[in-house]
Each structure stands twice: as structure tokens, then as C-alpha cells.
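The structure presented is a predicted model; accordingly, all values stated were derived computationally and were not measured. In each ligand, atom 1 is the first atom listed, and ligand 1 is the first ligand listed. In what follows, residues are counted from 1 in the order of the sequence shown.
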Amino acid sequence: MAASQRLELFAPLSGLLVPIEQVPDPVFAQKMVGDGISIDPTSNVLLSPVAGKITQLHSAKHAVTITTEEGVEILIHIGLDTVMLKGEGFTAKVKEGDVVTAGQALIEFDGDTVSRKARSLLTQMVVTNGDRVGKFLPASGFVRAGQTVVLTLELVGATAAVAAAATSGEAQSEPIRVPNPTGLHARPAAVVANLAKTFTSTIKLVRGDENANAKSVVAIMGLEVQYGDEIRVKAAGPDADAAVKAVAGMIIQGSGEEVGGVISPAAQKHLAKIKRAVAPAKPKSGDPNVLLGVSASPGLAVGQIFQVRQEAIDVAEQGSDAQFERGKLDAALKEAKQQLEALKSGISDASKAEIFAAHQELLEDPDLLDIAINAISSGKSAGFAWKTAFSTYADKLAALKNEILAGRANDIRDVGRRVLRIIAGVKEAELAVPENAILIAEDLTPSDTASLDREKVLGFATVGGGSTSHVAILARSLNIPAICGIDEDALQLANGTAVILDGSKGSLRKNPSEAEVAQIREAQLKLGKQRAEELAAAHQASVTTDGHHIEVVANIGGLDEAKQGVELGGEGVGLLRSEFLYLDRADAPTEEEQTQIYTDIAKALGTERTFVVRTLDVGGDKPLPYLPQPAEENPFLGIRGVRLCLAEPEMFRMQIRSVLRAAPFAKLHIMFPMIATLDELRAAKAIVAEEKAALNVSADVKVGIMVEVPSTAVMSELFAKEADFFSIGTNDLTQYTLAMDRGHPKLAKQADALNPGVLRLIAMTVKGAHAQGKWVGVCGGIASDPQAVPLLIGIGVDELSVSVPAIPAIKAMVRRLSKADCQKLAAEVLQLGTATEVRERLGKAAG
Ligand code: PEP
Ligand code: MG
């Protein structure tokens, strides 16, 4: 009802109304806590301005929050800086959880004591969840407690909220089994918290008798939710129903991660690790010269020890004025956010830059801020309050058994120390690192790792952390050999000690013999030389010794990789996994956004390079968050790939139009994934033709298919009559040929694309395509496998679409091969019976 959308608040005290903007405290005047009014009181018993429930009563009894039936939260704060009185002069008449009526006494205070000891008696009444309010209509002048209406609120979405509140105001989900293979670690926790923050209600994740604030990443991580755990989402407030529905839905769908019963081998490895991680014993070596840890980033480094010690940052415990300290904290948080922005922009790999984006989010985490702000309110300095907040959470996470979550303690300390340095005015100490340094540290932070001087630092080992820590991820992306969880004895090694760090094996060898060092240096030199040669020749054509050009192109997920592919000599893009542009979002991209991204990538490639856009390959194992589909018994055999696109023609057409607009800027190819029948190909082609005509695109846009389903390989000659090209997706073709889930950890070894059954289907595909004069590429993982390359060339594959870093090496390899020899090899290999035999034969051929 329209009338119930107004909420009238009575004066909590008698006195003169003062506009909130005039309160001499920026926290209130700038409405940081919320909008409302202030009263210069003449009475001393605080009355409830409305009926509601006491949802918070500060321990110092100077502030109280009442939540109304509509879910509006009203905070009344008696005086300024009265928290310092620690309750002196205040008597609470109610307790948290009490239901009160309008006009009921809440707190009595001794006007004399309070006005003598506090800065001011001005009492503020503000709405802390202002998004529920469309308009604030304050009164003015002298008011009488419990009698004058001092503030009228026009509520937004009130009808629904009131209805929800009338039915319950509280909601909870059915139990949910968490589908994420590694539980709710930092990334899914951030996805859940960000969604939760869009609701007014308080939202909790509940497991048994434990719970966590769903709006706080650190609180969710602290709950240590693991794969298969049963949790519920509970909410209380005006939009409780909607909140529970949305948050529970998000968790069921994997909170932004690929789930759906499909657990990748990598995730399974993590899982196994987590299960094993109960009090993990540090590896000890029998050799006194060898210290062991776990591999964090592969590679060998020979150098000298340099110990890195973290400087202590001292802060005074007691603060001055709470308002001043709060301002200091806010300014430091803002500055830290800017620093992280700068750090992010220095990392080219977007997924790694996300680590620092997550740090930025920690700066806004409500639970962290709550602890800090409460500590400031109780008289602590900004530095002390912040240190307490982040250390409390970091210690809590570090103590968890889950290795991944425990690893995130380091992230909290990293971002925590960043803010603390700003508050304390301490500059980050410059490390005077010597040449050829192997750093040893208790722990390095992601920030330390990202800013390592690569000219001097050859590798590092940390006592803390694990292979899944952000430090390890960064080390891999920066290509620095690294070990985590090294034996603590490493901290005792003197600076300058000669060592060999083997990042692949996770070992640190001290006092190596000269012969050992020489051997490693030689191997490194050889490998480095080969890499340098491959890189130098990366832009030469990939033509075999007998003159056959094999196009080497890139598999990419977005613009950055397109650019890197060109830099590394890629002759184009053989597979844009376009779903990567759609998966990480809560809402559908607009047609303009889509057009922009395809056009940007096309421009990065230019009109001389091939650009194969695979249309959306989602559904089944890769759900689209903004297009929920019913759960399927067998997602890999369900509505995925082109089937989903044909079932959602509007979405498909929008993508096709966006892709077609990129036609003038590159050699555009459109490719449909998961084609199993000619009917699907015809239907999808018809849509492309219609949209092309409607847009008046005159360019010659090729239309091809992925060969990932055995039926298509077997029927390749017929498909080749209607498709312009084929690209064999050996990852899926292998799983559908062998009936082995590509993500099944126990089948990982057997589900080998070099199985002769798969190889014969590849050969059939090539034969059928060539009979119709069409080209065939391979974009599955084996195209990047040096062992498989001669075989694929021998079978007659025309194009290899490989991971971006592999481009120079694969091109160099093609240039070393003769197609005639490869054909002989292929003829022989296709007669073999098992994948093991195939690998043995290929190993022999490689010498
Ligand atoms: C494949 O299946 O081989 C392929 C390249 O597609 P994706 O790995 O994206 O399923
Ligand atoms: Mg595939």
C-alpha cells in the first residue's frame, strides 16, 4: 500500500533539531554512517522513535540500533565521542533482541556527567541502510520526545519489503552441498560476498552451529567451507527472500567457478592435498646439504643466498580523537587502494592482476573494517586498530587446516601491512639485493613477489605458503623458480652461501660441487639458447624442410592473449574461446560491449591474420551465471555448446552480429562448438547467413566447425561439403571417443588423445575434409605437445592452434621436420594398438 511506504520517526529526545550536516563531526555531517537528524537535547531519557527490535546496543551504552518491521535500521548515537566514557553515565533500559514500541525508554543518561566529559551532547538519529529510503523528510525547530515526528522516511520497494517482512522478514535456504572442488576459497568467497552486499538484509552462511557474515570475504574464508560441505544461507531483513534465493543460487552454481560434478584433475589434486593437509609434516631430506620444500614454480637457479627479513612496524596503542583516527584510517585505505591499482596495471597477465584486485576488495571487507572501527571507537589509534583487525583475521585463517585458505592469510597480512605502512608513515624498505640472489624468507607477500628485481633475483624459497598460494601463482607467471614450505633451517643459511634451487623438485642444495654447478649452468645455457633462438625466429614462417606450410596460430581467451600471440609470432588465432568473455559476469554483456571486444581483437590481429571465433561453448560443465539452466544428470551429454546456442537463439544471434561486425578488421572465421549432427550445422549456418545479410556484411566470412564428437569425425566428408573448415578439439573428442570424462582424476592417464582410436578419427576427419578441399586444424591440447606435432603433420593436419607461450617452440619444431618423414611415422603409428605404444614410438622418433 502506498501509505505504508512512509515511516514516521518520533523524537527520541526533547530539544532543538539540528540539520545533520551541521554536526561538528564529519562522520555524521558527511553522512558516512547514514542520513538523518541531530538533536540538541533538553531531556535525558532516550525513547524509541518507532516500534522495532533492538538489533544492536553498544557496549558503552551510548548508541543503539532499532530495526523496524520494514527492515529499516535506525541508529541513535547519544553525544559526540561518548564512546570514550565507556558506559559511565549511561543506563540501558533494554537489551539486544528486545522488541520495543514507539516511545519506549531505551537509555537513560546523566546529562551532567555526559556533558562534562564528552565533546557534545548532540544526539544523532540516522538510517544506516539508506538504500531502503527514497526520501528523508526532516522536521525542524523544537521537538518533544515521543510526541513530535522528527523524520519521515519514504521507503523504496516498500510494498514488497513489507510483504516479505509481514510473512517473515527472515528466510533460509535448503541445505546446499558446496560444489566447488576447493571449497569457498578466496575467489568464490569474493563472488558470494559481492552479491550479498547488493542486499540490505543481513546474510549469513551457516554450517552446523557455525556461521559467517556472507558480506565479508574474510569471514567466509574463515568458515573454511570445503567441497561437499552442507551449508544454508540465512537472511534477515526486508529483502531476505530475494537475498537467500540469489546467494544460494550463486553457491549452487559454483560461485563463479566451473563446477557441475566436473572436478578437473588440478582441482582434484588440490582436494587430495587439502585432505592430506591436516598437520602436514615438513619434508626432511636425509642429505645435510639438501633442504626440501614443495615446488611452487619450476626451473633451476644457481646463485647465492640472500635472507629477507620483514621490518616491524610500530604503532602506538592509544589514539587521540576517534574522529581523527577514523579519518587517518580512511585516508590510508584510500591510498592503499591507489597503490594496488598501480601494481595491478604493471602486471600484464589479467588473471594475476586479479590477485591485487582481491586485495583491493579486502580493503572494503565489512568484518575487517568493523573490528578496526570498533577498536577506534574504544580509543585505539588507527594503526593499532587496523593491525588488530587484519592480524586477527590472518591468524584465524593461518590456523585453518585448508592449505588454500591458510595461504590467504599471507594476502591479508600483505594488504594489512600496506595500509599500516601508510598510517605509520613508513616507506617500504628497498631491498639491497646482490646479483644472482636466491631469496630466503619466512614468507614473501604477493606484493614483494610482483616487485622482485628480475635482473638480480634468480629464485626464492619461503618457509610459509604452498603451491596454491598467490605467491606461487605469481612466481609461475613471472617465470621465477621458487619453493614454498622449505625446511626452516633455510633461514639459518648465511648470506652469500652458494646454492642450487630446483623449483621443479622443491629442493635447495647448499655447497654444490663445482662440477654440479657447471653441469647445471651448461644445461641452463643450452635451454636458454634454444629458447632465445626460437624466440628470435618466432616470426619466420613455419614451413617444413620439404616446403609445406603448417599454420601455427594461438588459442586465446581474450585481447591480451591475442596481442601476446602476435608478439610471439602467431600467424593468427585458431581458437578464441569466446565463452571466457562471458563466464565471469553476473549479467549478460550488451551487444555494444561484445562488438567492441571482437573488434578490438580483430584489430590486434590485422587483416593478414586468421581470426577464428568459436561461438559460445557454455552449458553443461561451463554454466553461464546469468543464464541459469536446469541441472542435468550428465552435463557433458546435455545442452551445451551449439545446442545451447540454438536453444537460446536471441543470445546466439546477438553474439553472431557482434562477431560479424569485426569482419573488416581480420580474416574472420566463425566456428561452432560441439557439432554432432548436420542439422545443427545447417541451423547455425542459417542464423549466420541471416544476420550477415541483415547487417550487410560483404566480407568473405568463413564458417566452420569444431570436430569434437565422433559422429562428426566419422561423417567428416559430408560435413566438409557444408563447412568451410574444421578444427579438431581433441580434448573433447578424446572424452567422447573413449567414454572417459576429461576431468576425471582416475582416468587422466588413460584419457590420452594419442590413443589410436582418437588418432584414427583425426585421420578420418582430415581425409574427409581434404576430399572436399577444406582445411583442418587441431586446437585441442595435443597441438601444443611437441611429441604429437610430427604425428599430426604426418596425418595431414594443416593448422596447429596452440597455447600462446608454446608458439615459438612449435614453429621452430615445424621448421625442423620433413613432411615426408612425418607421413611415414604417421602410417606406422596409426597401426599401433595402445597410447603407450604410440608414445614410445614418438619418443623414439624424437631421439
Ligand atoms: C577441445 O575440446 O579440444 C577444445 C579445444 O575445446 P575446449 O577445451 O574449450 O572444450
Ligand atoms: Mg571442447
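Against a heavy-atom cut-off of under 4.0 Å, Gly729 is close to the following atoms of ligand 1: 1 (C), 2 (O), 3 (O). Residue contact check: Met706 has heavy atoms under 4.0 Å from atoms 4 (C), 5 (C), 6 (O) of ligand 1. Counting the atoms of ligand 1 from 1 in the order shown, those under 4.0 Å from a heavy atom of Leu575 are 5 (C). In summary, the atoms of ligand 1 found under 4.0 Å from a heavy atom of Asp732, numbered by their order in the structure, are 1 (C), 2 (O), 3 (O), 10 (O). Within ligand 1, the atoms closer than 4.0 Å to a non-hydrogen atom of Cys779 are 5 (C), numbered from 1 in the order shown.
Of the N and O atoms on the side chains of Asn731 and Gln735, not one donor lies less than 3.5 Å from an acceptor on the other residue. Glu592 and Gln596 form no side-chain donor-acceptor contact under 3.5 Å, judged by distance and modelled atom types alone. No hydrogens or angles considered: nothing links the side chains of Asp679 and Thr677 as a donor-acceptor pair under 3.5 Å.
Side-chain atoms of Leu830 and Arg760, non-hydrogen and from C-beta on, do get closer than 4.5 Å to each other. Residues Phe672 and Val703 are in side-chain contact: their nearest non-hydrogen atoms beyond the backbone lie under 4.5 Å apart.
Surrounding NZ of Lys685 are more than 12 heavy atoms belonging to other residues, nucleotides or ligands, all under 6.0 Å away.
Comparing Glu579, Arg577, Arg640 against atom 5 (C) of ligand 1, the shortest heavy-atom distance belongs to Arg577.
No donor-acceptor pair under 3.5 Å is formed between the side chain of Lys702 and the backbone N or O of Val612.
Ring-plane geometry between His669 and Phe725 is classed as perpendicular, the angle between the planes exceeding 60 degrees on a 0 to 90 degree scale with a lower cut at 30.
Shortest contact from atom 10 (O) of ligand 1 to any protein heavy atom: Arg742 NH1, 2.9 Å.
The name of the N, O or S atom in Glu708 nearest to the Mg ion (ligand 2) is OE2.
Within the 4.0 Å heavy-atom criterion, neither part of Asn555 lies near ligand 1. Only the side chain of Arg614 comes within contact range of ligand 1, with a heavy atom under 4.0 Å; no backbone atom does.
For the Mg ion (ligand 2), the N/O/S atoms of Asp732 include one lying under 2.8 Å.
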